[in-house]
Number of protein chains: 2
Amino acid sequence: MTGRDGMSIRVVVADDQELVRAGFQMILSAQPDIEVVAEAADGAQAVDAARRLRPDVVLMDVRMPRMDGLEATRRLAGPGVTSPVKVLMLTTFDLDDYVYEALRAGASGFLLKDLRRDDLVNAVRVVASGEALLAPSVTRRLIGEFARRPRPAQTAPAGLAALTAREREVLHLMARGRSNAEIAADLVIGEQTVKTHVSNILAKLYLRDRIHAVILAYETGLIEPGTR
Amino acid sequence: MTGRDGMSIRVVVADDQELVRAGFQMILSAQPDIEVVAEAADGAQAVDAARRLRPDVVLMDVRMPRMDGLEATRRLAGPGVTSPVKVLMLTTFDLDDYVYEALRAGASGFLLKDLRRDDLVNAVRVVASGEALLAPSVTRRLIGEFARRPRPAQTAPAGLAALTAREREVLHLMARGRSNAEIAADLVIGEQTVKTHVSNILAKLYLRDRIHAVILAYETGLIEPGTR
DNA sequence: CGGCGCCTCCCCCGTAGGAGGGATCAGCGG
DNA sequence: CCGCTGATCCCTCCTACGGGGGAGGCGCCG
């Protein structure tokens, strides 16, 4: 979208330590295709500069006075932001909390400051191109976190396949906590009919009661938390 | 654990195309600290070789005859494997399904075959060291996937804080689908007592019935799918 | 065309679950 | 010492649920 086609990659460097900013600035400016267009000493300045200058990448430190990098990232790339700016997060310590928060905040990358200069330059290029990258240790933990939770949707059609379309519909509403009467109202059918469907569902899935149906809906990924 | 301290990194290359194996073999063997100890033409051979030779890393192609790389990875690094072997997955096309399956199968990395030789060598070293890495496009999607789902635990203590320890205990069992009588048996108290607790829980959380309590448990992250 | 699957509706009936009372007792902090 | 909270137990009443039937209409397919 930006920063390619011969044009240089425009970068904003945000870090509260002047020395660190100077270092990044020097490394990046030495590249023919990278241009540091602004520096920021705290999150507020970073947000301000990024909104004004619309850089291709913001190099963002996690810990900063006034507004930290997490909050700044949220404002620049978080969910709900209309035209997000890409953020590459940097930190000295790779604490889990920071990483997860950063990624949820919308960061396109998370690196430790002990990286080699080639890697930093490469990272900026990768992020500018719309891709993402993480420090190896972070990658490992993210993979672990990801693999830890069982596949959601895929396994759903376990016994669910045995249900008719209407039954699945009823199951969905059941899983949302609707009573038989409410389901009947929702589907514009009689409550007796709903009861029949419910009974058939429970029988087909070998469930004791609707509560177990709700549990099954969540466990199989039929319903995902936060989808309410 | 292995492959360091001056000893070379021992690698098994698994790919059904002879030319690809030869290419990887050549690139890796050119490194002073890397040694290709075996080649495999399918998943079964890869598993066999890896179990026999205990290499530091297995370079594994996704698509292979007889047994594909995913299944082979599961057997070498999947959940439940006692002494896992590190697997670096390689593919020509970065299909979502492959990636997610590979990571769940226990792979320590996932790269596209269009990578530069330096990156391949670097990847082998990273994986051998116990860390992980992904192709940038894969990283982007993984982050997206991760950020998509709202933070689980954190938000839990929303109204839950109002509950007493005992009530939380009852709520947990309720969320597991236990009936009042079963909960009573579990906690070695009278069923009447359980009913009282349940009533208090519902009142405190402004819930209509135990079904909504189950839903709330999942939605707040009190219970996580797959934790059964 | 006759079945079969699906959706629809109905009745009866037993029970688990929840509302709304009230009660005792141990522990804790003022 | 008193008051409060939490945990325990008991009662009654009512309803939503769920099991076990039966039954009619519709569309599809052999």
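We name chains A, B, ... by the order of the sequence lines, and we start the count at 1 in each one.
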Q | Counterpart residues, side-chain contact (heavy atoms from CB on, under 4.5 Å), relative to B/A107 (two or more places apart) | A | B/T73, B/M89, B/A102
Q: Would you list the pairs meeting salt bridge (charged side-chain N to carboxylate O under 4.0 Å, His left out) in which at least one residue belongs to residues 196-206 of chain A, sequence neighbours left out?
A: A/E167-A/K204
(Q) As an exercise, state the distance from CG of B/L202 to CG of B/L216, rounded to the nearest 0.5 Å. (A) 10.5 Å
Q: Grab the CD-P distance between A/Q192 and C/dC13 for me, whole Å please.
A: 15 Å
Q) How would you label the contact of A/D209 with the nucleic acid (heavy atoms, under 4.0 Å): base, sugar-phosphate, or nothing? A) sugar-phosphate
Q. So what does B/S199 hit on the nucleic acid, given a heavy-atom distance under 4.0 Å: a base, only sugar-phosphate, or nothing?
A. sugar-phosphate
Q: Report the distance from atom NZ of B/K195 to atom P of C/dG18, rounded to the nearest whole Å.
A: 9 Å
**Q.** Nearest-0.5 Å distance, CG of residue B/L142 to CG of residue A/L142
**A.** 4.5 Å
Q) Does anyone know the first and last nucleotide of DNA chain D in reach of chain A, 5' to 3', at under 4.0 angstrom to a heavy atom? A) D/dC17 to D/dG19
Q. Taking only residues at least two apart or on different chains, which pairs with a member in residues 187-203 of chain B satisfy side chain to side chain donor-acceptor pair (under 3.5 Å)?
A. none
Q. When the distance from CZ of A/R168 to P of C/dC7 is rounded to whole Å, what number comes out?
A. 9 Å
Q: Under 4.0 Å from any atom of DNA chain D, heavy atoms only: list the residues of residues 178-187 of chain A that qualify, in numerical order.
A: A/S179, A/N180
Q) Which sits closer to the 5' end of DNA chain C, A/V194 or A/K204, going by the nucleotide each is nearest to? A) A/K204
Q | Between C/dG18 (C1') and B/L205 (CG): distance, integer Å | A | 15 Å
Q | Counterpart residues, salt bridge (charged side-chain N to carboxylate O under 4.0 Å, His left out), relative to B/E39 (two or more places apart) | A | B/R21
**Q.** B/E219 vs A/Y218, side chain to side chain donor-acceptor pair (under 3.5 Å): CA-CA, chis, key distance, verdict
**A.** CA-CA 9 Å; B/E219 291 293 334; A/Y218 275 101; 2.6 Å; yes
Q: Using the test side chain to side chain donor-acceptor pair (under 3.5 Å), find all partners of B/R74 that sit at least two apart in sequence or belong to another chain.
A: B/E71, B/E101
**Q.** Basic-acidic side-chain contact under 4.0 Å: B/E182, A/R208
**A.** yes
Q. For B/R166, what residues pass the salt bridge (charged side-chain N to carboxylate O under 4.0 Å, His left out) criterion, not counting sequence neighbours?
A. B/E169
Q | Nearest-angstrom distance from the residue atom CZ of A/R166 to C1' of C/dC7 | A | 8 Å
Q) Salt bridge between B/R178 and B/D186, side-chain N to carboxylate O under 4.0 Å? A) yes
Q.
Using a heavy-atom cut-off of 4.0 Å across all strands, would you classify A/T193 as base, sugar-phosphate, or nothing?
A. base
**Q.** B/R63/B/D16 salt bridge by N-O under 4.0 Å criterion
**A.** no
Q) Under the salt bridge (charged side-chain N to carboxylate O under 4.0 Å, His left out) test, which residues partner A/D42, sequence neighbours left out? A) A/R66
Q: Produce a footprint string for nucleotides 22-30 of chain C: one letter per nucleotide, 5' end first; B if the base is under 4.0 Å from any protein heavy atom, S if only the sugar-phosphate is, - if neither.
A: ---------
Q) What is the bend of the helix from C/dC1-D/dG30 to C/dG30-D/dC1 when you compare the axis at one end with the axis at the other, using five pairs each and rounding to 10°? A) 40°
Q. Can you name the salt bridge (charged side-chain N to carboxylate O under 4.0 Å, His left out) partners of B/D48, sequence neighbours left out?
A. B/R52
